[in-house]
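Reminder, nothing fancy here: chain letters follow the sequence lines and each chain counts from 1.
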Amino acid sequence: MTAATAVRQPARSTEPGTTTVLSRAAGAEWVRLRTVRTTWWCLVAATVTIVGLGAIAAADDAEGTATAANPIVSTFAGEYGVLLGQFALLVLALLAVTSEYASGAIGPTLSWTPRRGVLLAARIAVPAIVVTVVGVALALTADVVALLIDPDLTLPVEDGAGSLARIAAVLAAGAVMAVGAGLLLRSTAGALATVFLLQLVLPFLFQSFGVQWLADLAEWLPGTGAVRLLLDEPMDMSLGHAAALVVGWAGLALAAGGWRLLRRDAG
Amino acid sequence: MIEVRGLTKTYGAVRAVDDLTFDVQPGKVTGFLGPNGAGKSTTMRMVLGLDRPTAGSALVGGRPFARLGEPLRAAGALLDAQAVHPGRSGRDHLRVAARSQGLPSRRVDEVIDQVGLGSAAKRRVKGYSLGMRQRLGIAGALLGDPAVLLFDEPMNGLDLDGVRWVRGLVRRLADEGRTVLLSSHLMSEMEQTADHLVIIGRGRLIADAPIAEVLRGRHAHAKVRVRTPALDDLAGALLRRGFRVHPTDGGELLVEGAPAETVGDVALEVGASVHRLAEEHSSLEEVYLDLTGDSVQYKVSAPDLVGARR
Ligand SMILES: Nc1ncnc2c1ncn2[C@@H]1O[C@H](COP(=O)(O)OP(=O)(O)OP(=O)(O)O)[C@@H](O)[C@H]1O
Ligand SMILES: [Mg+2]
C-alpha cells in the first residue's frame, strides 16, 4: 500500500469455493467459541456436574447392589452425570448464538460471512460437535472414575460404546435444538427458558401430576426422549421413538432458527 | 465502487429509505449526510446485505455483497463500534475476522499497529472507551485491504488526535484509489474531508454532487465582506440596488447576492474608499441546513429552546 495507484483493481475475481468458505467460517466459529470466558465456565460446570455426579452415584452404589459375583455396568455414572450436566453444555451452545444478538456482534459476523447458509452450517456444526465430543469424553471419564470408586462395577466395551452413543445422540440433538432456539428467539433469556422448559421442566412436571393427558403430552417433549435415551425411562417408550423425538425437535428448532437467520434482517 | 439502485426499506409504515439511487465512485471520499433518522445507517446495512431491501438493490464492486465468499477483500465496514462481544479481546475479535477470510494472523497485528490500538488489543473489549472501540472497528474494516470502505460516523467519540488521524486515513484510502463512503454529522469535518456529497432526508435523495458544487449551488449564498469608512453611503447604495446588507460588529458590511466586482464598482460610484473586500462562501453547515431544513424529523421544539435558555 505504498505507491498510490490511480484506480484499484476490483476485488479478485477468483472466488473461493463453498467448501473453502465453509471451512473458514467454521474456523472462525471455533475461534469465537474458545475466546470467550463463558465457554470455559460452562466446560468447568459440565466437568464438575458430569464427573462429580457420576462419582457420587458410584459411591452410593459401592455401599449396596453390586457385588463381585453380580457386577453392575458402570455406565450409569456417565448417564446420570449427563442427565444434569447436559445443561451446562447446552448453555454453552446457546450463548454462542444469543450473545451475538445481545451485543450486536451479529452485524460484523454477517459482514465477514455474508453467505448466510454457510454461516448457518458453521454455526450449527461447531457448537454441536464441541458439545458432543466434550460430553462424551466427560461421560467416559465418569464411567472410569466410577470403576475406581467401586471395584465391583464393570465396564465392558460393548456396553460402554452403546451408552456413549446414546449420550452423543442426546447431546448433539440438544445442542442443535439450543442453537436453533437461539437463532429463532435471539434473546438469551427467551431461548434459555425455552430449552430448559422443553428439555427439563415440562417433561417432569407433566408426568408428576398424574393426569393422563398431561402425561401423554410429555411423551412428545424432547426432554422425555432424552431421559429415555439416558436412563431407560419411561420403560414403555422404544429407543427408536426416543431418538425420533430428540432428532425431530432438533430439526424443528433448526428449521425455525434457520428460517430467521436466512430470511430476516440481521438483527 | 458502490451502486445503489432504487433502494427502498420500509419498517411497517415507516419508509426508512425511499427509492435511493446513487453511485459511490472510487478514488474519492464520498460524504453521506442527512439528519437523524434520514436512513444513512439503514442504507449502509442494506449495501452490506445485513438488512433485506424492500425494493431495489445495491452492488459492491459490481456484485451483491451477500454473495461474496471473501467479503473483507471487497469491502470493509465500521457501522457500529459498540457491536462487539464485550468479553472477547480486541485482538481475538480481529482474529475471528481474519480466520473467516483465510487471512494470516500477521495481518491482525498489522492493523492493530495501524490504528494505534497497541497493547490495549490484548484487553477485553468490555473495558474499551468509545474511541478505542472506533479504532478496533476501523482495524476490522481495513483487515482485508478492501477496495471499498464504509464508515458510519467513525469520528464519534474520538479525541482530536483521533479525528485528525481518521481524516488523514480516509484521505489516504481514497488517494490509493479506494471507494470511501463516510457518514458524519460533523459538517466542518466533512467540509475538510469529502470530495463528493450524497445528502438524504427522510430516506430520499436530496443532493448527489461534488462538494464544490454543493457549496456554490443554488442553496449557497455567496457573501462579500467589505470594510470602508463611508459605511452608510455604501450600504445605502447597495440597498437601493436590491442587495441585502448586514452591518457586522467589526464595523464592516456583509453583502448578500452581489459578487465582489459589483460591490467594488458601487463603492467607486459613491466615492467610498474600500479598505478590504473579500468574498465569503457559505459553509457546508449553512448549505446543509438549508438543503435539509424541510426533512428534519426530530426537531427540538420551541418550548425546549426557551427552557434551555433560561
Ligand atoms: N430495525 C428497525 N425497525 C424499525 N425502524 C427502524 C429500524 N431501523 C431503522 N429504523 C427507522 O428507520 C429510519 C432510518 O434510520 P437510520 O438509523 O438509517 O437513520 P440514520 O440516518 O442513520 O440516523 P442517525 O443520523 O441518527 O444515525 C428511522 O426512522 C428509524 O427509526
Ligand atoms: Mg445512523
Quick one: which of [options] has the most heavy-atom pairs under 4.5 Å with chain A, could you say?
options: B:Gly102, B:Gly49, B:Ser89, B:Gly76; value: B:Gly102
options: B:Gly144, B:Ala83, B:Gly62, B:Ala98; value: B:Ala83
options: B:Arg67, B:Met1, B:Arg124; value: B:Arg124

Can you name the residues of residues 181-200 of chain A that have some heavy atom under 4.5 Å away from a heavy atom in chain B?
->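 Residues qualifying by a heavy atom under 4.5 Å from chain B are absent, so none.
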Using non-hydrogen atoms only, which part of [X] is less than 4.5 Å away from chain A: side chain, backbone, both, or neither?
X: B:Asp80; answer: neither
X: B:Arg52; answer: both
X: B:Leu79; answer: neither
X: B:Gln82; answer: backbone
X: B:Ala77; answer: neither
X: B:Val96; answer: both
X: B:Lys28; answer: neither

Minimum heavy-atom separation for [X] and [Y], please, with both atom names.
X: A:Pro16; Y: B:Glu70; value: CG-CG, 3.6 Å
X: B:Asp51; Y: A:Ala266; value: OD1-N, 3.7 Å
X: A:Ser111; Y: B:Leu50; value: N-CD2, 4.3 Å

Expected output: side-chain B:Arg88 to main-chain A:Arg32 donor-acceptor under 3.5 Å |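 The answer is yes, because a donor-acceptor pair under 3.5 Å joins these two groups.
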Has [X] got more than 12 heavy atoms of other residues, nucleotides or ligands less than 6.0 Å from its [atom1]?
X: B:Phe65; atom1: CZ; result: yes
X: A:Phe204; atom1: CZ; result: no
X: A:Arg260; atom1: CZ; result: yes
X: B:Trp165; atom1: CH2; result: yes

Could you note down all residue pairs passing ring-ring contact (aromatic ring centres under 6.0 Å, His included) where residues 68-97 of chain B supplies at least one of them, sequence neighbours left out?
->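 For residues 68-97 of chain B, and leaving out neighbouring residues, the ring-ring contact (aromatic ring centres under 6.0 Å, His included) pairs sorted by first residue read A:Trp112-B:His93.
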Between OG of A:Ser23 and CZ of B:Arg99, what distance do you get to the nearest 0.5 Å?
->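 Spacing of OG (A:Ser23) from CZ (B:Arg99) equals 8.0 Å.
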Heavy-atom distance under 4.5 Å to chain B: side chain of A:Arg116, backbone, both or neither?
->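 For A:Arg116, the side chain is the part near chain B, not the backbone.
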Give, as side chain, backbone, both or neither, the part of A:Val31 having an atom under 4.5 angstrom from any heavy atom of chain B.
->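 It is both, since atoms from each part get that close.
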Specify which of A:Ala28, A:Pro114, A:Gly104 makes the most heavy-atom pairs with chain B at under 4.5 Å.
->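 Top count of heavy-atom pairs under 4.5 Å with chain B: A:Pro114.
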